[in-house]
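Below is one structure, written out as structure tokens, with a few remarks after it.
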Amino acid sequence: MKFGKYLLDNQVSEWSRQYIDYKKLKTRLSPLISQYREYSLITTAAEKSFFETLKDEVDKVELFYLELLDDLRTDFQSLILQSYRLQQHPSAAPTFHDLNQKLHVLIKNLELVKTNFIPLNKVAIKKVCKKHAKYAGGSGSSVEIENYRITITKTIQEERAWWKKGKTIVSELLKEAKNFQWELCKMTIKHYHDMIP
């Protein structure tokens with residue numbers, strides 16, 4: 001199976017527009033491949049277009065990752081607060097069952113970020129960069145473009161949170177959420193135990 005199809009088939013549907021647009025990057029790569037095959041050299045404009053598109057795609061992933069992580073953290077803090085309110089006022093809404101359901105969804109989303117969103121985007125970037133290097137790297141590439149490529153690659157690997165520390169950050173939040181899930185379970189049992197006359 002081609003990677004582009006694999007990427008489309010394995011995306012979380014609600015987040016599909018937030019993944020690297022592999023097809024768009026390959027489209028930007030096509031003129032480079034044609035030029036290299038025809039003339040054994042690459043134009044600076046075609047190279048810059050490819051790298052600007054790559055940077056835009058990486059920035060899109062970064063923005064979504066940061067917003068999603070912020071939303072998930074906020075949801076998690078809200079669940080903690082609601083659980084403590086519920087302990088104080090057992091008849092209040094939402095119920096322990098509702099909180100458990102919301103926590104389950106939160107944990108599922110964290111697991112999807114860790115095992116799907118981050119790895120698929122990393123592989124997409126690596127694959128398209130490998131294709132680029134195959135055709136554009138080497139003698140056809142100018143010093144200016146090579147420096148631009150190095151700068152873009154370094155920015156991705158060192159400055160993008162989802163690339164460098166994404167899995168670690170998500171793993172820590174996931175661990176906290178699973179620990180809280182256990183605490184919530186104990187609170188639920190205590191709540192129902194206290195209801196028994």
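- Looking at heavy atoms from C-beta onward, Leu54 lies in side-chain contact with Val58 at the 4.5 angstrom threshold.
- Heavy-atom minimum distance, Ser83 versus Leu184: CB-CD1, 3.9 Å.
- A distance of 9.5 Å separates CG of Asp56 from CG of Leu25, quoted to the nearest 0.5 Å.
- By the salt bridge (Lys or Arg N to Asp or Glu O under 4.0 Å) test, Glu57 pairs with Lys24, Lys60, sequence neighbours left out.
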| message | Apply side-chain contact (heavy atoms from CB on, under 4.5 Å) to residues Gln181 and Ile107 and explain how you reach the verdict. | response | CA-CA 9 Å; Gln181 188 176 35; Ile107 288 171; 3.5 Å; yes
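- Pairs passing the salt bridge (charged side-chain N to carboxylate O under 4.0 Å, His left out) check and including a residue from residues 85-110, sequence neighbours excluded, do not occur.
- Among residues two or more places apart in sequence or in another chain, the salt bridge (Lys or Arg N to Asp or Glu O under 4.0 Å) test is passed with Glu111 by Lys178.
- In this structure, Ser30 contributes its side chain and Lys26 its backbone to a donor-acceptor pair below 3.5 Å.
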Just list the side-chain donor-acceptor pairs under 3.5 Å for residues 165-172, sequence neighbours left out, or say none.
unit_1	atom_1	unit_2	atom_2	d
Ser171	OG	Lys114	NZ	3.1
Ser171	OG	Lys167	O	2.7

| task | Start with the C-alpha gap between Leu106 and Leu110, add the side-chain angles, then the distance that decides, and say whether side-chain contact (heavy atoms from CB on, under 4.5 Å) holds. | result | CA-CA 6 Å; Leu106 181 124; Leu110 284 167; 3.8 Å; yes
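- With sequence neighbours left out, Arg28 forms a salt bridge (Lys or Arg N to Asp or Glu O under 4.0 Å) with no residue at all.
- Counting only heavy atoms from C-beta outward, the side chains of Leu8 and Tyr19 never approach each other to under 4.5 Å.
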| request: Determine, stepwise, if the pair Met187 / Phe180 fulfils side-chain contact (heavy atoms from CB on, under 4.5 Å). | output: CA-CA 10 Å; Met187 286 180 215; Phe180 178 67; 4.2 Å; yes
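- Thr53 and Ser49 make their closest contact through OG1-O, 2.9 Å (heavy atoms, listed as atom of the first residue, atom of the second, distance).
- Atoms OH and CG, on Tyr84 and Leu81 in that order, are 10.0 Å from each other to the nearest 0.5 Å.
- Annotation: salt bridge (charged side-chain N to carboxylate O under 4.0 Å, His left out) contacts involving residues 1-15, sequence neighbours excluded, comprise Lys5-Asp9.
- Contact record, Leu7 with Ala124: CD2-CB, 4.3 Å, taken as the closest heavy-atom pair.
- Residue Leu63 is not grouped with residue Ile118 when hydrophobic side chains (ILVMFWY) are merged at heavy-atom distances under 4.5 angstrom, including chains of intermediate members.
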Listing, residues 68-80 side-chain donor-acceptor contacts under 3.5 Å, not counting sequence neighbours, or none:
unit_1	atom_1	unit_2	atom_2	d
Thr74	OG1	Asp70	O	2.9
Ser78	OG	Gln82	NE2	2.8

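- Summarising the local packing, NZ of Lys122 is surrounded by more than 12 heavy atoms from other residues, nucleotides or ligands at distances under 6.0 Å.
- Between Tyr65 and Phe117, the distance from one ring center to the other does not fall under 6.0 angstrom.
- Residues passing the ring-ring contact (aromatic ring centres under 6.0 Å, His included) test with Phe3, sequence neighbours excluded: Tyr22.
- Under the 4.5 Å side-chain heavy-atom criterion for ILVMFWY residues, no single connected hydrophobic cluster contains both Ile189 and Leu86.
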| task | Tell me, with the steps shown, if Leu112 and Trp15 meet side-chain contact (heavy atoms from CB on, under 4.5 Å). | result | CA-CA 10 Å; Leu112 286 171; Trp15 304 342; 3.9 Å; yes
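- Take Glu67 and apply the salt bridge (Lys or Arg N to Asp or Glu O under 4.0 Å) test, not counting sequence neighbours, and it matches no residue.
- For the side chain to side chain contact (heavy atoms under 4.5 Å, CB included) test, residues two or more places apart in sequence or in another chain that qualify with Asp59 are Lys55, Arg160.
- The nearest pair of heavy atoms linking Asn121 to Ile20 is OD1-N, 2.7 Å.
- Evaluation of the ring-ring contact (aromatic ring centres under 6.0 Å, His included) rule for His191 yields Phe96 as partners, not counting sequence neighbours.
- Residues satisfying the side chain to side chain donor-acceptor pair (under 3.5 Å) test with Gln11, not counting sequence neighbours, are none.
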